[in-house]
Amino acid sequence: NMLDFTFAVDDSVTWHMMNLLKNRSHYSFLKVFGPKQISSIQSYGAGIYYNTLVPCNGRMIKYGVISTDTLIDDLFHWKSLYVAGRLQKPVKILTQNENSRLQAALVSNLKSAVTAAFLMLPESFSEEDLYMQIAGLSYSGDFRMVIGEDRSKVQNIVKPNVPHFQKLYSNILQDCPQVVYKHHLGRLEASIDKSPEGQFTQLMALPRTLQQKITSLVGPPGKNRDVEEILLQVAHDPDCGTVVHQGS
């Protein structure tokens with residue numbers, strides 16, 4: 001299997017300049033345009049630039065480069081959910097500098113994933129159900145339901161990695177009043193507040209981009225309605241979880 005790396009860098013132009021000097025063969029024909037143009041291309045879409053099919057120590061790797069500011073924005077607000085979605089699943093962090101904003105953003109991303117999953121799940125569910133829902137949030141980069149073929153693929157991600165999901169989310173679940181998390185038994189007991197008040201609180205805690213997508217979905221065209229007003233309407237909808245699913 002190919003190893004997939006992501007590098008968050010503070011200065012993309014300088015990073016690409018140095019990497020072009022050391023590893024020019026990693027780049028496609030875009031290398032002829034130089035580090036500034038590569039960094040400009042990196043800023044489009046999900047804000048990440050990939051070098052693929054790179055031989056390293058006898059195997060193939062690919063690596064993406066993203067600016068630290070873009071990563072933090074995605075973690076807090078789910079602007080693209082591309083890298084944030086990957087970081088909702090177990091990954092190996094090889095090294096990390098002392099960036100308090102990045103650390104806060106990493107935690108915020110995990111909390112947001114749990115909140116979104118709670119809205120989509122029924123009142124009671126298993127621990128594996130929770131991780132399945134979280135893993136499915138970013139599958140193919142959207143918030144759709146995990147059904148059919150998608151579900152089997154997400155199961156292949158979750159089932160072999162349940163202990164890693166437990167380690168990643170244990171602190172957040174232990175601090176969540178709606179969940180009794182018995183980590184030593186490997187069991188989660190949840191009772192989610194599905195009242196309009198409870199759902200409204202969770203909707204207001206969602207990342208900004210998802211709130212905006214829900215607002216666009218529910219708010220009629222031509223009316224400039226307040227986000228909070230629309231989320232309150234969604235909170236009273238019996239199909240609130242489905243609306244969150246559709247917010248893509």
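Only a predicted model underlies this, so the values are computations on that prediction, with no experimental measurement involved. Along the sequence shown, residues are numbered consecutively beginning with 1.
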Trace of the side-chain contact (heavy atoms from CB on, under 4.5 Å) decision for Arg208 with Asp73: CA-CA 10 Å; Arg208 183 177 61 204; Asp73 187 50; 4.1 Å; yes
Quick check against the 3.5 Å criterion: does [X] have a side-chain atom that pairs as donor or acceptor with the backbone of [Y]?
| X | Y | result |
| --- | --- | --- |
| Lys89 | Gly85 | yes |
| Gln202 | Ala116 | no |
| Ser40 | Lys36 | no |
| Lys194 | Leu119 | yes |

4.5 Å side-chain heavy-atom contact, [X] and [Y]:
| X | Y | answer |
| --- | --- | --- |
| Pro207 | Phe76 | no |
| Ile192 | Leu121 | no |
| Gln133 | Phe125 | no |
| Leu203 | Val244 | yes |

message: Counting neighbours of NZ on Lys79 that are heavy atoms of other residues, nucleotides or ligands and sit closer than 6.0 Å, is the number greater than 12?
response: no
field: Met60 atom CE, neighbour heavy-atom count above 12 within 6.0 Å
entry: yes
Can you name the nearest heavy-atom pair linking [X] to [Y], along with the distance?
| X | Y | result |
| --- | --- | --- |
| Tyr169 | Gln88 | OH-O, 2.6 Å |
| Ser12 | Ser67 | OG-CB, 3.8 Å |
| Val243 | Leu217 | O-CD2, 3.8 Å |
| Ala135 | Val154 | CB-CG1, 3.6 Å |
| Ala8 | Thr68 | C-OG1, 3.9 Å |
| Cys240 | Val234 | CB-O, 3.5 Å |

In Å and rounded to the nearest 0.5 Å, what is the [atom1] to [atom2] distance from [X] to [Y]?
| X | Y | atom1 | atom2 | result |
| --- | --- | --- | --- | --- |
| Ile38 | Tyr49 | CD1 | OH | 5.0 Å |
| Asp237 | Leu232 | CG | CG | 11.5 Å |
| Leu20 | Ser25 | CG | OG | 10.5 Å |
| Leu210 | Thr215 | CG | OG1 | 9.0 Å |
| Gln199 | Leu231 | CD | CG | 11.5 Å |
| Met17 | Ser39 | CE | OG | 10.0 Å |

message: Under the criterion side-chain hydrogen bond (donor to acceptor under 3.5 Å, both in side chains), I'd like the reasoning laid out for Asp10 against Trp15: C-alpha separation, chi angles, the key distance, then a yes or no.
response: CA-CA 8 Å; Asp10 293 340; Trp15 195 94; over 6 Å; no
In this structure, would [X] and [Y] fall into the same cluster of hydrophobic residues linked by side-chain contacts under 4.5 Å?
| X | Y | value |
| --- | --- | --- |
| Leu106 | Val83 | yes |
| Ile93 | Leu75 | yes |
| Phe7 | Ile66 | no |
| Val65 | Leu71 | no |
| Phe118 | Val107 | no |

- request: Run the numbers on Glu98 and Gln103 for side-chain contact (heavy atoms from CB on, under 4.5 Å), then give the verdict.
  value: CA-CA 8 Å; Glu98 297 299 322; Gln103 185 57 45; over 6 Å; no
query: Using 30° and 60° as the class limits, which term best fits the ring planes of Phe33 and Phe29: parallel, tilted or perpendicular?
result: perpendicular
Derivation of the side-chain contact (heavy atoms from CB on, under 4.5 Å) call for Val179 and Leu130: CA-CA 11 Å; Val179 172; Leu130 174 63; over 6 Å; no
Please list, one pair per line, the donor and acceptor atoms closer than 3.5 Å that link side chains of residues 50-58 to other protein atoms, with sequence neighbours excluded.
residue, atom, partner, partner atom, Å
Tyr50, OH, Asp4, OD1, 3.3
Tyr50, OH, Arg86, NH1, 3.2
Asn51, ND2, Tyr63, OH, 3.0

message: The test is side-chain contact (heavy atoms from CB on, under 4.5 Å); show your working for Gln166 and Tyr131 and say whether it passes.
response: CA-CA 9 Å; Gln166 289 174 329; Tyr131 300 143; 3.6 Å; yes
Distance-only donor-acceptor check, side chains Asn19 and Tyr27, under 3.5 Å: yes
query: Under the side-chain hydrogen bond (donor to acceptor under 3.5 Å, both in side chains) test, which residues partner Asp69, sequence neighbours left out?
result: none
